Participant: 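One structure follows; several queries about it will come next.
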Amino acid sequence: MSDSLVVCEVDPELKEKLRQFRFRKETDNAAIIMKVDKDRQMVVLEEEFQNIPPEELKTELPERQPRFVVYSYKYVHEDGRVSYPLCFIFSSPVGCKPEQQMMYAGSKNRLVQTAELTKVFEIRTTEDLTEAWLQEKLSFFR
């Protein structure tokens, strides 16, 4: 592995939090926002939200710093079925420091594997995170 690619470990407490989040019973939208602790070279929990729509979630993300989000979303399909997909959203805004971008990009796959997620999306500006955007992305997963 290249020395320039920084892959951060996932905080053990965060691993447990993600495991609990995966099996939550609530039916509202909820999110876990994670960041890289540069000093510890570890992905850590930044904040947790309950009952948060996408439009509100985007206001919680920094406009100039990357973040990872695991989002439990109440998705109503066209045929009326309801599901609660867990989405991994990598917020990687244009204009953040290249060093920061590399740490996050290098750590993304490990975090996705740790959280055992398959619906993985990326946004380049927090404005992209809307209900319509999320529904469009999820429509590919029938």
Side-chain angles (χ1 to χ4, degrees), residues 1-78 81-142:
M1 192 180 292
S2 168
D3 290 338
S4 62
L5 183 64
V6 179
V7 179
C8 298
E9 294 298 322
V10 180
D11 184 333
E13 289 178 18
L14 177 58
K15 283 182 186 178
E16 179 57 25
K17 177 71 69 183
L18 289 167
R19 192 189 67 72
Q20 291 170 359
F21 193 72
R22 179 180 201 79
F23 297 109
R24 68 192 287 275
K25 301 286 184 243
E26 295 81 4
T27 57
D28 60 342
N29 296 340
I32 291 178
I33 298 178
M34 297 154 286
K35 66 179 181 178
V36 168
D37 179 332
K38 198 170 122 184
D39 298 332
R40 293 169 54 205
Q41 295 216 334
M42 193 169 281
V43 179
V44 297
L45 175 70
E46 182 174 54
E47 236 174 315
E48 210 175 341
F49 297 95
Q50 301 296 327
N51 198 20
I52 185 166
E55 281 74 9
E56 196 177 316
L57 178 58
K58 76 178 175 188
T59 66
E60 299 296 339
L61 295 173
E63 288 181 23
R64 295 266 178 256
Q65 292 179 2
R67 287 294 184 272
F68 298 122
V69 180
V70 175
Y71 191 46
S72 176
Y73 176 67
K74 182 177 181 177
Y75 181 49
V76 180
H77 298 260
E78 288 178 10
R81 291 177 300 119
V82 177
S83 63
Y84 301 91
L86 279 183
C87 307
F88 182 91
I89 302 166
F90 176 30
S91 174
S92 178
V94 176
C96 54
K97 296 177 189 162
E99 175 194 359
Q100 233 182 357
Q101 200 110 24
M102 291 292 289
M103 282 185 90
Y104 276 82
S107 303
K108 178 182 129 189
N109 287 344
R110 177 169 291 169
L111 183 55
V112 168
Q113 289 169 347
T114 298
E116 299 177 31
L117 299 174
T118 55
K119 294 167 182 67
V120 180
F121 312 123
E122 186 170 336
I123 56 175
R124 297 292 286 163
T125 168
T126 55
E127 289 306 306
D128 289 346
L129 184 54
T130 63
E131 191 123 19
W133 173 84
L134 192 55
Q135 288 178 352
E136 180 189 326
K137 293 291 186 188
L138 289 170
S139 70
F140 293 107
F141 289 93
R142 297 281 167 236

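Only this structure's heavy atoms are used, side chains among them; waters, hydrogens and symmetry mates stay out. Being a predicted model, the structure only gives us computed values, none of them experimental.
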Participant: Using a 3.5 Å distance criterion without hydrogens, assess whether the side chain of R22 forms a donor-acceptor pair with backbone atoms of A115.
Facilitator: yes
Participant: Please report the C-alpha distance between V70 and L86 in whole Å, then the side-chain angles of each, then the deciding distance to 0.1 Å, and finally whether the side-chain contact (heavy atoms from CB on, under 4.5 Å) criterion is met.
Facilitator: CA-CA 7 Å; V70 175; L86 279 183; 4.2 Å; yes
Participant: Rounded to the nearest 0.5 Å, what separation is found between the CD1 atom of I89 and the NZ atom of K58?
Facilitator: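 Taking CD1 in I89 and NZ in K58, the distance rounds to 12.0 Å.
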Participant: In sequence, state the C-alpha distance, the side-chain angles, and the governing distance for R19 and E116, and then conclude on side-chain contact (heavy atoms from CB on, under 4.5 Å).
Facilitator: CA-CA 9 Å; R19 192 189 67 72; E116 299 177 31; over 6 Å; no
Participant: Measure across C96 and R64 and return the closest heavy-atom pair with its distance rounded to 0.1 Å.
Facilitator: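 Heavy atoms of C96 and R64 come nearest at CB-O, 3.0 Å.
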Participant: Does a sphere of radius 6.0 Å around CD in E13 hold more than 12 heavy atoms from other residues, nucleotides or ligands, not counting ones at 6.0 Å or beyond?
Facilitator: no
Participant: On the 0 to 90° scale, with breaks at 30° and 60°, tag the F121-F141 ring pair as parallel, tilted or perpendicular.
Facilitator: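 F121 and F141: perpendicular rings.
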Participant: Is it the case that atom NZ in K119 sees more than 12 heavy atoms from other parts of the structure closer than 6.0 Å?
Facilitator: yes
Participant: Looking at every non-hydrogen atom in both residues, tell me the closest pair between E60 and I52 and how far apart they are.
Facilitator: CG-CD1, 4.2 Å
Participant: Nearest 0.5 angstrom please: Q113 CD to K108 NZ, how far?
Facilitator: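 Answer rounded to 0.5 Å: 11.0 Å.
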Participant: Check Y71 against P53 and note the closest heavy-atom contact, atom names and distance.
Facilitator: OH-C, 3.3 Å
Participant: Identify the two heavy atoms, one from P62 and one from P93, that lie closest to each other, and give their separation to 0.1 Å.
Facilitator: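 The pair with the smallest heavy-atom distance is O-CG, 4.0 Å.
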Participant: Answer yes or no: is there a donor N or O on one side and an acceptor on the other, between the side chain of R67 and the main chain of F90, under 3.5 Å?
Facilitator: no
Participant: Under 3.5 Å, side chain of E55 to main-chain N/O of E131, donor-acceptor pair present?
Facilitator: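 Present.
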Participant: Is Y104 reaching over with its side chain to a backbone N or O of V36, donor-acceptor style, under 3.5 angstrom?
Facilitator: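 Indeed, once roles are kept as given, a pair shorter than 3.5 Å links the two residues.
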Participant: Tell me the closest heavy-atom pair linking N29 and P54, and the distance in Å.
Facilitator: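 It is ND2-CD, 4.3 Å.
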Participant: Look at atom CD of E99 and say whether more than 12 heavy atoms of other residues, nucleotides or ligands are closer to it than 6.0 Å.
Facilitator: no
Participant: For residues M34 and L18, report the shortest heavy-atom separation together with the two atoms involved.
Facilitator: SD-CD2, 4.2 Å
Participant: Can you tell me how far apart CZ (F68) and CG (L111) are? Round to the nearest 0.5 Å.
Facilitator: 5.5 Å
Participant: Rounded to the nearest 0.5 Å, what separation is found between the NZ atom of K35 and the CD atom of Q100?
Facilitator: 10.5 Å
Participant: The test is side-chain contact (heavy atoms from CB on, under 4.5 Å); show your working for L57 and I33 and say whether it passes.
Facilitator: CA-CA 9 Å; L57 178 58; I33 298 178; 4.0 Å; yes
Participant: Could you walk me through whether E9 and R110 pass the salt bridge (charged side-chain N to carboxylate O under 4.0 Å, His left out) check?
Facilitator: CA-CA 8 Å; E9 294 298 322; R110 177 169 291 169; 2.6 Å; yes
Participant: As an exercise, state the distance from CG of L129 to NZ of K137, rounded to the nearest 0.5 Å.
Facilitator: 11.5 Å
Participant: Once rounded to the nearest 0.5 Å, what's the spacing between atom OG of S83 and atom OH of Y75?
Facilitator: 7.0 Å
Participant: Quick one: does D11's side chain have a donor or acceptor within less than 3.5 Å of a partner on V44's backbone?
Facilitator: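 Between the backbone of V44 and the side chain of D11 there is no qualifying donor-acceptor contact (under 3.5 Å).
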